[in-house]
Amino acid sequence: MAARAYWQGQIRLALVSIPVEIYSATKSGAAVSFKQIHEPSGQLIHYDKVVTGVGPVDTDEIMKGYEISKGEYVLLEQDEIDAVKLESKKTLELTQFVDASEIDVLYYEKPYFVVPADDLAEEAFIVLREALRRTKKVGLGQLAMRGREYVVSLKPCGRGMVLETLRYADEVHKAQGYFRDIPDDKPSEELLELAEALITKRSGDFHPQDFHDRYVDALKDLIERKRKAKGKTIIDDKDTGAKTGSNVVDLMAALKKSMEKAGGTAAAEKKAPAKKAPAKTAAKAPAKTPAKTPAKKRA
């Protein structure tokens with residue numbers, strides 16, 4: 001079954017209009033959901049709509065209310081809410097172009113694939129895609145979808161393009177409020193070089209399929225074992241190795257140990273024997289001391 005377009009319309013750049021279709025680029029991952037069960041009877045627990053002092057109420061007696069002060073609400077009919085919804089305009093007008101680095105990652109919300117709607121739209125679609133790629137710019141505009149207006153960005157992605165909805169400014173916390181207490185200190189060059197070497201050692205290509213939700217896997221395993229145990233309590237007593245106590249660590253030693261686990265460097269391996277040589281010479285010195293003692297006594 002072919003995927004259903006999330007939105008159909010046109011991208012407008014000045015006097016050029018390009019018919020396109022937009023498809024969701026993401027999907028919900030595997031998850032384990034639980035229901036609340038009444039243990040004595042084994043039956044599912046239901047939730048009723050209740051009013052304090054009244055008890056259960058019918059669904060048709062429920063309205064939406066906006067609290068304007070403590071305990072005081074403005075009640076709205078669903079028809080009144082629907083009347084102010086934005087109509088899904090069928091045009092995304094690109095009004096501005098910016099460098100991708102200018103948009104903070106905090107603003108990106110949800111990605112969508114953008115494809116030409118038909119063969120006639122392909123030429124203009126490709127021209128826009130390659131123009132964005134050459135200029136290394138991201139197109140910005142506003143798009144109404146399903147009763148809400150979004151700020152969106154548009155950029156090349158392989159043979160197609162990706163549209164991403166962006167959060168509004170009032171939806172993003174200011175980072176300064178969280179980072180202001182972090183000292184503006186400069187790390188030592190030796191520590192920095194060790195950290196950089198460790199990062200380089202563990203660098204590689206990104207393969208998203210290499211990552212999976214270990215918690216979900218563990219829950220599924222637990223459910224299967226619980227099923228086979230026929231309700232018997234199963235608690236794994238695993239020692240995670242986590243130690244509580246002082247947070248003071250020897251950062252240099254920790255980084256060096258991390259490098260050793262990662263395979264170390266050729267330079268580090270060559271330097272190791274050179275450091276041990278003086279230690280062996282010093283160890284032999286005490287053995288010669290008794291031979292010199294008589295000479296000192298005669299003097």
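All residue numbers refer to positions in the sequence shown, counting from 1.
For R159 against F125, the heavy-atom pair with the smallest separation is O-CE2, 3.8 Å. Residues W7 and K90 come closest through the heavy atom pair CZ2-C, 3.6 Å. For T135 against A131, the heavy-atom pair with the smallest separation is OG1-O, 2.7 Å.
For V51, the side-chain contact (heavy atoms from CB on, under 4.5 Å) criterion is met by V54, V57, not counting sequence neighbours. The side-chain hydrogen bond (donor to acceptor under 3.5 Å, both in side chains) search around Y23 returns E21, not counting sequence neighbours.
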Would you tabulate the side-chain donor-acceptor contacts of residues 9-18 under 3.5 Å, counting partners in other chains and residues two or more places apart, or write 'none'?
| unit_1 | atom_1 | unit_2 | atom_2 | d |
| --- | --- | --- | --- | --- |
| Q10 | NE2 | T91 | OG1 | 3.2 |

Which pairs of donor and acceptor atoms, one on a side chain in residues 110-118, lie under 3.5 Å apart (sequence neighbours left out)?
| unit_1 | atom_1 | unit_2 | atom_2 | d |
| --- | --- | --- | --- | --- |
| K110 | NZ | S24 | OG | 3.3 |
| K110 | NZ | T26 | OG1 | 2.8 |
| D118 | OD1 | L120 | N | 3.1 |
| D118 | OD1 | A121 | N | 3.0 |

Show me the side-chain donor-acceptor pairs of residues 148-155 shorter than 3.5 Å, one per line, residues at least two apart or across chains.
| unit_1 | atom_1 | unit_2 | atom_2 | d |
| --- | --- | --- | --- | --- |
| R148 | NH2 | E171 | OE2 | 3.4 |
| K155 | NZ | E164 | OE2 | 3.0 |

Could you list the donor-acceptor pairs under 3.5 angstrom formed between side-chain atoms of residues 32-46 and any protein atom two or more places apart in sequence or on another chain?
| unit_1 | atom_1 | unit_2 | atom_2 | d |
| --- | --- | --- | --- | --- |
| Q36 | OE1 | Y47 | OH | 2.1 |
| H38 | ND1 | S41 | OG | 2.7 |
| S41 | OG | Q43 | N | 3.3 |

Identify every side-chain donor-acceptor pair in residues 172-198 under 3.5 Å, counting partners at least two apart or on other chains, and give the distances.
| unit_1 | atom_1 | unit_2 | atom_2 | d |
| --- | --- | --- | --- | --- |
| S188 | OG | L191 | N | 3.2 |

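The hydrophobic clustering, which links ILVMFWY residues whose side-chain heavy atoms are closer than 4.5 Å, places I81 and M63 apart. Residues L106 and V138 share a hydrophobic cluster, clusters being chains of Ile/Leu/Val/Met/Phe/Trp/Tyr side chains in contact below 4.5 Å. Clustering ILVMFWY residues whenever any of their side-chain heavy atoms sit less than 4.5 angstrom apart, transitively, puts V98 in the very cluster that holds Y107.
Within the model, atoms CG of L75 and CD of E80 stand 9.5 Å from one another, a figure rounded to the nearest 0.5 Å. One distance of note links CD of E109 with OH of Y168; it measures 10.0 Å at 0.5 Å rounding. Expressed to the nearest 0.5 Å, how far OG of S258 lies from CG of L251 amounts to 9.0 Å. In this structure, the separation between OG1 on T165 and CD on Q142 is 12.5 Å, given to the nearest 0.5 Å.
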**Item:** Residues L94, L128; criterion side-chain contact (heavy atoms from CB on, under 4.5 Å); working and verdict
**Value:** CA-CA 11 Å; L94 299 177; L128 176 58; 4.2 Å; yes
**Asked** Does the side-chain contact (heavy atoms from CB on, under 4.5 Å) test come out yes or no for L166 and L140, once each step is laid out?
**Response** CA-CA 10 Å; L166 304 178; L140 295 178; 4.0 Å; yes
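A heavy-atom distance below 4.5 Å is not found between the side chains of V20 and L92.
Applying the salt bridge (Lys or Arg N to Asp or Glu O under 4.0 Å) test to pairs two or more places apart or on separate chains, none has a residue in residues 49-77. Applying the salt bridge (Lys or Arg N to Asp or Glu O under 4.0 Å) rule to pairs touching residues 121-145 yields D99-K137, E130-R133, sequence neighbours excluded.
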